[in-house]
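Heads up, the thing below is written out as structure tokens.
Treat the numbers as computed from the prediction; the structure is a model and nothing was measured.
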Amino acid sequence: MPALFVLAQVVLAEARRGAAAADPPGRVPAVIVFGDSTADTGNNNFIQTMARGNHAPYGRDFAGGVATGRFSNGRLPADFVSEALGLPPSVPAYLDPGHTIHHLATGVSFASAGAGLDNMTAQIPSAMTLSEQIDHFRRYTARLRRAKGQAAAHHITTHALYIFSIGASDFLQNYLIFPARGYRYTLPEYEAYLVGAAEAALRAVHGLGARAFRVVGLPPLGCLPLERAMNLPRPTGESNEVYNVVARSFNSRLRGLVAKLNWELPGARLAYVDQYGLMSAMIAKPWEYGFENSVQGCCGTGYVETGVLCSLDSALTCDNADKYVFFDAVHPSERAYKIIAGAILNATSTRRFP
């Protein structure tokens with residue numbers, strides 16, 4: 001078994017101890033998630049949108065082979081984080097009526113596939129905006145107080161681990177490919193606008209009690225299979241380095257925001273997660289992580305299929321998604337997500353205590 005993959009498994013297995021050390025005190029009572037399709041565990045199933053993953057071949061490696069709405073063949077990073085912290089092995093979607101507040105007390109996802117830091121991004125596929133996700137969190141805290149009592153609800157919200165995984169859609173569906181915002185903002189201006197939106201969101205959630213945050217950076221956008229296929233006139237399979245430069249530039253600003261808020265928000269412990277570096281390593285040398293293919297997705301031809309297109313090309317879908325870094329043309333496979341979960345768990349806060 002490749003050495004780096006073994007190391008990733010060891011890191012994940014020891015994550016509970018590492019997370020406790022990074023975010024004292026005591027056991028993390030819940031994992032609370034905001035974001036896009038990398039974090040949506042099924043919310044979009046319950047709103048009027050085409051951005052849904054509740055159909056085959058999604059979910060084929062999930063427990064029971066159920067397509068839950070996750071854009072993956074199995075679980076997402078938040079699910080693995082929850083399990084590693086001794087919580088349930090999957091994080092429920094807030095809008096799923098099958099979950100009571102007692103189910104949601106140990107973890108909940110407010111994420112919506114297609115959402116962005118820019119609320120306009122979510123309007124394109126009719127997803128939940130980030131502002132709406134935070135409104136749902138506000139209602140969630142009130143429900144917790146009614147169900148658990150003030151003290152228990154306070155403990156959950158202040159000691160939970162909060163994951164923000166969002167931002168790729170802002171560039172891919174709102175600026176670079178379909179330049180809805182490109183007519184109003186230069187690229188540096190739009191990056192600054194998005195970082196401002198991220199700051200407002202993090203401050204709002206902190207104001208509602210959150211303290212421990214993991215802020216996930218963008219992946220190498222130009223190396224997603226879909227962007228490789230669209231990278232004309234260059235040969236199919238070559239990464240779009242312009243998109244990668246954009247991702248690195250934004251991530252640099254995001255990392256700076258995390259450092260800033262660690263100084264300014266009382267009691268906050270924010271950690272930036274370098275998804276770009278990790279994904280770049282998996283893409284460049286997939287064999288070192290136990291993968292065989294990092295250029296195509298498992299679904300269909302592997303270059304253009306995502307969402308409903310995956311179901312249309314199901315006959316072409318690969319037999320073993322564990323061999324692929326990507327499951328569809330945009331989203332990582334469950335095995336890749338598990339490695340990303342390890343990075344989330346072991347990210348350390350830049351906060352400096354007196």
Side-chain angles (χ1 to χ4, degrees), residues 33-39 110-125 127-135 137 162-208 210 213-224 227 239-266 268-277 279-280 330 347 349-352:
V33 191
F34 300 87
D36 53 25
S37 56
T38 61
F110 299 99
S112 178
L117 293 162
D118 181 352
N119 283 340
M120 180 180 175
T121 300
Q123 295 169 7
I124 297 171
M128 278 196 296
T129 66
L130 183 55
S131 294
E132 289 171 331
Q133 294 179 35
I134 295 172
D135 284 342
F137 175 61
Y162 291 79
I163 300 173
F164 276 73
S165 181
I166 192 168
S169 296
D170 292 306
F171 291 104
L172 295 181
Q173 70 189 35
N174 200 6
Y175 196 93
L176 295 172
I177 300 176
F178 304 106
R181 286 298 200 186
Y183 299 111
R184 179 175 178 181
Y185 297 100
T186 66
L187 189 55
E189 288 172 343
Y190 193 52
E191 289 179 7
Y193 174 81
L194 294 179
V195 170
E199 179 173 357
L202 291 165
R203 286 184 180 276
V205 175
H206 174 268
L208 292 168
F213 297 85
R214 296 292 187 271
V215 181
V216 183
L218 298 183
L221 297 177
C223 294
L224 304 181
E227 307 319 318
S239 294
N240 186 325
E241 287 306 319
V242 173
Y243 286 15
N244 286 345
V245 168
V246 170
R248 290 196 298 269
S249 176
F250 176 76
N251 285 343
S252 178
R253 290 175 181 257
L254 194 62
R255 193 191 299 264
L257 173 65
V258 166
K260 171 188 173 184
L261 294 182
N262 268 324
W263 283 104
E264 296 181 1
L265 296 181
R269 302 180 303 280
L270 294 89
Y272 172 78
V273 181
D274 182 18
Q275 182 179 206
Y276 187 101
M279 287 291 294
S280 293
V330 175
S349 173
T350 57
R351 183 175 181 85
R352 296 293 180 265

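For Gln173 (side chain) and Gly114 (main-chain N/O), a donor-acceptor pair under 3.5 Å exists by modelled atom type. Distance alone, capped at 3.5 Å, places no donor-acceptor pair between the Tyr190 side chain and the Gly182 backbone. Using a distance-only test at 3.5 Å, with no hydrogens or angles considered, a donor-acceptor pair links the side chain of Asp170 to the main chain of Asp118. No donor-acceptor pair closer than 3.5 Å links the side chain of Glu227 to the backbone N or O of Leu224. Side chain of Ser349 to backbone of Ala271: no donor-acceptor contact under 3.5 angstrom is found.
Considering CZ of Phe178 and CG of Leu172, their distance stands at 10.0 Å, rounded to 0.5 Å. Here the CZ-CZ distance, from Arg269 to Arg214, works out to 8.5 Å after rounding to the nearest 0.5 Å. If you take CD on Gln275 and OG on Ser280, they are separated by 9.5 Å, rounding to the nearest 0.5 Å. The line from CZ of Phe34 to CZ of Phe213 is 8.5 Å long, rounded to the nearest 0.5 Å. Here the straight-line distance linking atom OH of Tyr272 with atom OG of Ser252 works out to 8.5 Å at 0.5 Å rounding. Atom CZ of residue Arg184 and atom OH of residue Tyr193 lie 7.0 Å apart, to the nearest 0.5 angstrom.
Of the listed residues (Asn119, Leu117, Ile134), just one forms a side-chain contact (heavy atoms from CB on, under 4.5 Å) with Thr129, and that residue is Asn119.
Put simply, the side chain of Tyr175 does not reach to within 4.5 Å of the side chain of Thr121, judged on heavy atoms. Contact of the Phe171 side chain with the Leu221 side chain is registered, since non-hydrogen atoms from C-beta on lie closer than 4.5 Å.
Smallest separation of non-hydrogen atoms from Gly277 and Asp274: N-OD1, 3.0 Å. Scanning both residues, Asn244 and Gly222, for their nearest heavy atoms gives OD1-N, 2.7 Å. In plain terms, the two heavy atoms of Leu130 and Gly116 that are nearest each other are CB-O, 3.7 Å. The minimum heavy-atom distance between Pro219 and Ala247, with the atom names listed, is O-CB, 3.5 Å. Smallest separation of non-hydrogen atoms from Val215 and Leu270: CG2-CD2, 4.4 Å. The nearest pair of heavy atoms linking Leu254 to Ala198 is CD1-CB, 4.3 Å.
Phe137 has its ring centre less than 6.0 Å from the ring centre of Tyr162.
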Could you go through Leu202 and Leu257, starting from their C-alpha distance and side-chain angles, then the distance that decides it, and tell me whether this counts as side chain to side chain contact (heavy atoms under 4.5 Å, CB included)?
CA-CA 10 Å; Leu202 291 165; Leu257 173 65; 4.2 Å; yes
| Could you go step by step and tell me if Ser249 and Glu191 meet the side chain to side chain contact (heavy atoms under 4.5 Å, CB included) rule? | CA-CA 8 Å; Ser249 176; Glu191 289 179 7; 2.8 Å; yes
